[in-house]
Amino acid sequence: MKTTRSINYAAVLTGTVLTLVLFSTGAGASKQTQSVSFHDIAANNGAGISYRRTGSPHRDALFDAIRAQPKFTFADVPRTPEKARGAPGVAIFDFDGDGDLDLYVTNGPGTANSLYSSQLVQTGELRFVDVAVAAGVAATDMDSNSLCYGDIDNDGDQDLYVTGAGEPNRLFENQGDGTFTDITVASAMGAGDRYPAGCSMGDVNGDGLLDIVVANNSATWDHRLSVFQPFGHNAPNQLFLNAGSNTFIDVSATSGVQILAGLPPGESGRTWATAMLDYDLDGDVDILFGDDQGAVPDAASGGVDRGIIHLLQNDGSGQFTDVSIEAGTNHPGAWMGFAFADFNADGHLDLFATNGGDYTLQLFPLPMELGAAASRWFLGQADGSFSDPGVGGLVSSVFGWGVIAQDYDNDGDADIMYYGGLDTGPYVDKSNPGVVLRNDGHAGFSYDLAALANSTNHSRRNPQGVAAGDLDADGFIDVVTVSNFDLPDSFPLLQYPILFGSAMDATAYYFPSFTPVGPGEFVPSGLKAVDGTITVEINSADNGNHWASVDLMGTSGLVSGGRSNRDGIGAVVRFTPHGGKPVMYPVSGGASYGSQDSLTLNLGMGHSHKGVLEVLWPGGVHNRFYGLRASERLVVPEIPCSYDADWKSRRDYRRCVVTALRELAAADRLDHRLRHRLLASAMRAYREARNRDDDSSDVSRPGRSGAHGRRHE
């Protein structure tokens with residue numbers, strides 16, 4: 001049940017006292033459930049990780065000049081720079097193909113980005129060595145922000161795209177030998193001198209090659225005028241089409257990605273988040289943008305709804321239409337990060353989006369209803385729209401940047417973890433100590449405060465990028481976060497004066513960068529943040545639940561009729577443990593906030609020992625694999641033969657499957673044992689699809705026409 005409260009915030013500065021008045025009704029509580037826990041192996045430079053996020057000197061100097069003023073007023077807020085300490089992102093991927101997961105983390109100008117090579121396979125111990133300089137991806141002169149990765153040339157290794165603040169982005173081609181080559185100029189992927197907050201890869205036109213979308217924020221971070229003025233200070237988002245041979249074409253102006261619902265023609269939003277995924281399960285990759293309303297009144301208050309979740313639907317050819325109003329994602333907010341899964345096991349992809357949070361708004365004189373600024377989940381519906389069920393028993397939720405939707409306790413449903421801290425200029429919101437939301441299997445979430453209780457205190461950090469992957473290969477996901485600055489233990493954290501009866505009240509803090517000395521007047525508090533850090537939070541993996549691990553392999557260029565990129569980015573995977581509920585995840589080439597999870601799917605099984613895997617590949621092909629076993633690690637290839645297509649005969653279908661498997665074996669991509677399991681599964685799926693022609697549990701049901709229904713020739 002959705003918990004609602006009517007709230008009116010009024011903030012009055014009187015001398016040194018901040019007075020807030022709250023009018024509210026109702027109450028709520030959340031049930032705590034003990035599960036697995038996390039510990040940070042990177043604390044105190046552990047595990048070979050000594051990362052420190054240095055600031056962005058130009059913007060840092062602008063902020064220092066404002067701090068040096070005798071007084072700070074509300075009129076100075078628009079002049080304060082954004083992201084003075086940078087906007088770091090993190091990616092988890094096996095860059096060198098040695099079988100363990102490595103970390104790439106961005107940094108500020110004058111400091112090298114870090115590529116932490118895992119030594120797990122080499123030594124049996126989870127330690128890391130920074131090889132960024134030797135690998136050619138240090139980008140020491142760059143003010144690096146977000147990043148995404150994928151195999152842009154389908155040669156079997158993953159390439160890296162890194163965005164820059166006010167300078168060209170960079171594309172690094174993986175050479176397959178542990179090194180990268182900067183191909184930015186040759187590929188035409190610099191994308192100008194903008195301020196991107198995110199990027200994502202996906203095949204928008206079905207040619208088997210990964211394209212790249214870039215989410216741009218303000219035209220500059222030297223000031224915050226874009227927070228207060230709806231238009232004139234924002235930069236349009238961009239889409240680059242992969243033309244092959246590692247070259248790209250800018251199709252931003254012709255693809256529809258710059259025609260956004262609710263905005264005047266030619267105007268842009270203030271975008272923080274982006275992702276490519278097949279949200280409507282029709283076989284093509286769609287695009288989402290998360291925009292920020294900032295301090296601009298929404299349409300209901302006489303302004304404009306510029307801060308919504310834009311849902312751009314692909315027509316299959318790479319042409320996009322903004323359907324956010326029809327889909328119900330047009331809720332004004334400060335949308336910062338995205339994660340996706342089927343939270344309630346109904347066969348539709350759901351969305352979690354981080355937002356400004358209920359507590360943050362206490363220090364702004366804005367009338368808001370409790371939950372209006374909540375970080376929250378939206379549930380996908382059969383008609384392609386999303387419903388907003390509110391945050392239920394959580395009552396309220398906090399600010400966030402990066403977010404993951406993964407089964408952290410392997411009980412068979414998708415949970416949520418998100419982190420973040422917001423530097424507004426006058427103060428820093430520290431209401432988020434690292435939030436772990438445990439799913440009951442029906443999209444009912446409870447706050448698992450104990451999961452991070454013995455890890456690093458994130459209330460003393462300002463996390464930005466967040467990514468997940470199984471770093472120690474124990475079958476349970478681990479979480480990496482990177483902050484742009486930290487707060488020493490000596491700095492005072494103040495509790496927000498308004499509490500909501502939520503489990504999140506206990507850690508709802510803020511840090512005053514300036515101290516009030518009179519009505520609307522402040523002086524610097526004298527306290528300054530220090531360089532940011534990285535956390536590598538390892539899962540205790542001690543609750544006895546089972547798991548399986550799957551990587552996808554697209555077969556474009558490997559198999560006759562293969563259509564999917566080599567990483568399987570853009571696919572949607574559905575897994576049903578025996579006796580359990582189905583869970584569904586998209587394979588995403590960049591989401592969260594400026595970051596990217598490992599592409600390896602870690603599938604919780606609870607107490608089951610086997611399960612059924614279903615894959616909807618980019619292009620619309622459906623494959624099914626039976627008997628995925630507990631503790632099994634498989635690479636599952638695309639077989640370009642949909643079991644539910646309109647085949648003339650069983651023989652035709654079998655011939656298609658056998659041909660694909662033979663070609664994979666000839667390319668040394670498939671061993672004998674898995675080949676027989678794949679063939680047996682394909683034939684069983686074909687038989688069961690005809691015995692149960694209208695099985696509503698299949699991921700295939702959202703699209704039986706078009707690409708889904710074409711028989712492989």
Side-chain angles (χ1 to χ4, degrees), residues 41-42 45-57 85-123 126-152 157-165 167-185 187 189-190 196 199 402 464-467 469 471 478 480-484 531-536 590 594-599:
I41 63 170
N45 297 336
I49 295 176
S50 57
Y51 174 92
R52 295 293 182 274
R53 171 70 196 206
T54 58
S56 301
R85 305 290 300 175
V90 59
I92 301 178
F93 69 130
D94 183 7
F95 84 94
D96 51 6
D98 64 353
D100 50 30
L101 291 176
D102 312 299
L103 313 176
Y104 187 83
V105 195
T106 64
N107 216 314
T111 304
N113 295 344
S114 293
L115 177 58
Y116 286 109
S117 174
S118 174
Q119 303 301 295
L120 183 64
V121 167
Q122 289 79 5
T123 68
L126 186 58
R127 293 189 61 82
F128 296 87
V129 176
D130 192 345
V131 298
V133 174
V137 290
T140 305
D141 60 329
M142 186 181 187
D143 192 353
S144 302
N145 289 343
S146 58
L147 69 161
C148 51
Y149 69 84
D151 189 353
I152 62 170
D157 48 47
Q158 288 155 345
D159 311 294
L160 183 64
Y161 190 58
V162 182
T163 72
E167 61 183 286
N169 308 327
R170 299 188 191 181
L171 180 59
F172 297 97
E173 182 192 7
N174 195 329
Q175 300 302 299
D177 59 1
T179 67
F180 293 78
T181 299
D182 187 339
I183 61 168
T184 305
V185 175
S187 65
M189 277 305 300
C199 61
Q464 306 280 295
V466 178
L471 298 175
D478 311 301
V480 180
T481 77
V482 57
S483 63
N484 60 352
D531 290 345
T533 55
I534 189 172
T535 64
V536 180
S595 299
Q596 187 168 334
D597 296 339
S598 165
L599 294 177

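Quick note: residue numbers are just sequence positions, from 1.
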Heavy atoms only: give me the nearest Gly178-Ala135 pair and the separation to one decimal.
-> O-CB, 3.4 Å
Spatial distance of atom OH (Tyr116) from atom CG (Asp102) [nearest 0.5 Å] = 12.5 Å
Can you tell me how far CD1 of Ile92 sits from CG of Asp597, rounded to the nearest 0.5 angstrom?
-> 6.5 Å
Would you say the side chain of Thr481 lies within less than 4.5 Å of the side chain of Ile534, judging by non-hydrogen atoms?
-> no
What is the distance from atom SG of Cys199 to atom CG of Asn145, rounded to the nearest 0.5 Å?
-> 10.0 Å
Pick out which of Leu115, Asp130, Leu471 makes a side-chain contact (heavy atoms from CB on, under 4.5 Å) with Leu103.
-> Leu471
Thr163 and Asn169: which non-hydrogen atoms are nearest, and at how many Å?
-> CA-OD1, 3.2 Å
Do Thr181 and Gln175 have side-chain atoms, one donor and one acceptor, less than 3.5 Å apart?
-> yes
Approximate separation, where rounding is to 0.5 Å, of Tyr104 OH and Phe172 CZ | 5.0 Å
State, with a plain yes or no, whether a side-chain heavy atom of Ser146 is found less than 4.5 Å away from one of Thr106.
-> no
Residues at least two apart in sequence or cross-chain that pass side-chain contact (heavy atoms from CB on, under 4.5 Å) with Gln122, listed by chain then number, are Asp98, Asp100, Gln119
Only one of Asn113, Thr54, Asp531 passes side chain to side chain donor-acceptor pair (under 3.5 Å) with Asn107, and that residue is Thr54
Determine which pairs satisfy salt bridge (charged side-chain N to carboxylate O under 4.0 Å, His left out) with at least one residue from residues 139-150, sequence neighbours left out, and list them in order.
-> Arg53-Asp143, Arg59-Asp143, Asp141-Arg170
Which distance, rounded to the nearest 0.5 Å, do you find between the CG of Asn174 and the CZ of Phe180?
-> 4.0 Å
Pairing residues for Phe93 by the ring-ring contact (aromatic ring centres under 6.0 Å, His included) criterion, not counting sequence neighbours = Tyr149
Which value, rounded to the nearest 0.5 Å, describes the distance between Thr184 atom OG1 and Asp182 atom CG?
-> 3.5 Å
